[in-house]
Amino acid sequence: MGVVEVSYNITVPSGIVFNFTNMLGEGRLSKEEVEQALESAGRAADAAVAKLRETGFSKAHLSKDGTPEHVYFPRMPYIKEGNPNTEASIIKLLRYSKRLRHYDVVVFLGVGGSYLGNKVLFDCFGGCHWNANPTLRQGQPRIYFSGNNMDPVDCNGLVFEVQRLGKRYDQLGRPLRVMLVPISKSGTTLETISAFTYFYDVFSKDKDIELDCTVVTDLRADVEKAPLLQLAEKFGWEKFDIKEGIGGRFCVMTDPGLVTMAALGGDIEEFLRGAREMDTYCKQAELHENPALMNALLKFLAYGKGRDIEVFMPYSMHLKSLSEWYVQLLAESLGKRYDRNGELKHYGRTPIVAVGTTDMHAQTQQHQDGRLNKVVQFLEVANPVEEAIVHNPFPEFKLFAQYEGMDMRKNLRAALNANEGALTSDNRYNARFVLPKLNEYYLGQLMYFLMLSVAYEGELADVDAYDQPGVEVYKRLMKEQL
Ligand code: PA5
């Protein structure tokens with residue numbers, strides 16, 4: 001008798017698939033334990049997230065100064081007065097998108113949550129050829145990122161590039177129009193503010209550059225303690241708000257992330273629509289059909305069996321920075337010393353950035369043969385918009401014959417299938433997300449799905465997914481040295 005292959009999938013009406021077949025089976029989770037956990041812990045987590053949606057409060061969550069703090073990320077997709085996105089805030093972003101067409105260069109300055117989501121949007125809807133290719137830009141400005149490190153070489157590289165462009169524009173008879181956009185909720189983050197100050201000083205003295213700034217920060221902050229707000233008020237710069245209840249790693253669907261979508265001329269409404277439909281679906285689905293809850297539960301149960309590393313591996317170069325964004329989301333949200341009752345827990349999976357096929361030649365050896373402590377989370381784009389068919393320019397060489405007609409999309413899929421098959425043949429935990437294609441709508445669905453999964457897992461593990469007390473220790477030590 002042949003082996004009966006069972007497949008476990010959740011398909012969202014939009015076509016996104018979460019295939020978790022390979023989380024179950026020999027040496028992994030059993031269907032029964034998943035069903036049982038879903039009915040008990042899963043149901044409780046679902047109820048807690050429903051309450052979060054309704055009240056904006058998550059059990060025991062406090063701000064850095066020890067006061068109860070709202071968590072409003074589930075409200076981001078809904079454009080409504082009182083929510084992080086309103087009709088007025090979207091209109092303002094659309095106007096800003098048009099305004100930026102009068103600029104040649106935009107430099108976004110931010111770190112952590114004030115950078116990583118923006119970089120995902122840039123890589124998905126701009127990409128590494130954006131700045132060099134006016135056809136791709138269609139009138140939108142060149143876009144650069146800085147302030148995400150304190151590396152002088154990197155800062156000087158950007159100065160060199162912008163000043164080089166300035167000289168070219170000077171020859172064309174006008175200055176280069178540059179917009180600096182510091183993004184910082186606290187308004188005091190060292191990387192962001194030092195880079196902003198450095199660039200402002202250099203560019204404002206350069207006769208080939210016409211400099212302007214936009215500030216993205218918490219507009220409710222005490223002006224006395226908010227350097228960016230002070231400057232914006234003195235110089236009359238445009239301001240965008242980082243709203244109450246929106247933490248850095250959950251902010252990509254509000255102004256601090258959407259300013260980058262605006263600079264790209266991307267479709268903000270589609271991005272939010274994707275998130276909204278994912279939220280509605282997860283909210284209304286039966287427990288076993290809720291992909292975000294199922295994803296959280298399976299990873300939580302796998303953690304209980306020693307799988308404390310998650311390799312996030314899209315098969316797409318454009319999505320590599322999504323892995324980097326996910327690293328922050330997972331690490332800062334779930335890597336916690338204590339649970340919400342103050343008991344020592346040391347919870348959390350260590351996230352690893354990988355991209356297929358590149359890292360099959362670097363990390364896969366460890367995934368396949370190394371310690372049994374990993375879940376490999378694949379991400380596939382089922383129908384990439386672009387194709388590349390290889391033609392053989394060396395017909396006289398026999399060894400090149402096989403390349404004639406080769407379809408890169410097919411190769412990519414074959415590589416993913418092979419990697420998945422190899423891990424599964426050794427009973428190693430892996431799962432696959434499938435996006436029908438990569439556009440604003442599907443990216444909105446996926447990013448929201450991942451945020452929601454983390455919220456569910458915070459409930460399952462009973463840790464506060466919305467604080468990051470562990471970063472205060474190094475901050476204090478660093479301050480002492482400065
Ligand atoms: O998730 C977070 O809260 C952090 O990663 C912050 O986004 C990061 O430290 C930057 O902070 P700020 O926006 O205040 O400059």
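For ligands, and for the atoms within them, numbers begin at 1 and follow the listed sequence. Along the sequence shown, residues carry numbers from 1.
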Among all protein heavy atoms, pick out the one at the shortest distance from [atom]; state its residue, atom name and that distance to 0.1 Å.
atom	answer
atom 5 (O) of ligand 1	Q328 NE2, 2.5 Å
atom 3 (O) of ligand 1	Q468 NE2, 3.7 Å
atom 2 (C) of ligand 1	E332 OE1, 3.4 Å
atom 11 (O) of ligand 1	T189 OG1, 3.5 Å
atom 6 (C) of ligand 1	G113 N, 3.9 Å
atom 8 (C) of ligand 1	V111 O, 3.6 Å

Quiz item: What are the atoms of ligand 1, with element, lying closer than 4.0 Å to any heavy atom of K185?
Solution: 12 (P), 13 (O), 14 (O), 15 (O)
Quiz item: Hey, is E324 close enough to K119 for a salt bridge, meaning N to O under 4.0 Å?
Solution: no
Practice problem: Considering only NZ, NE, NH1 and NH2 on the basic side and carboxylate oxygens on the acidic side, decide whether D464 and K59 come within less than 4.0 Å. | Solution: no
Practice problem: Return yes if some donor-acceptor pair links the side-chain N/O of R101 with the main-chain N/O of Q138 below 3.5 Å, else return no. | Solution: yes
Exercise. Measure from NZ or CZ of K374 to the centre of the six-membered ring of Y429 and say whether it is under 6.0 Å with the direction within 45° of the ring axis.
Key: no
Quiz prompt | Centroid separation Y115 to F145 less than 6.0 Å | solution = yes
Between [X] and ligand 1, is there a nitrogen or oxygen pair with a distance under 3.5 Å?
X	result
S114	yes
S184	yes
G247	no

Quiz prompt | Neighbour count >12 (heavy atoms, 6.0 Å) for atom NZ, K64 | solution = no
Quiz item: Less than 4.5 Å apart, any side-chain heavy atom of L435 and any of E380?
Solution: no
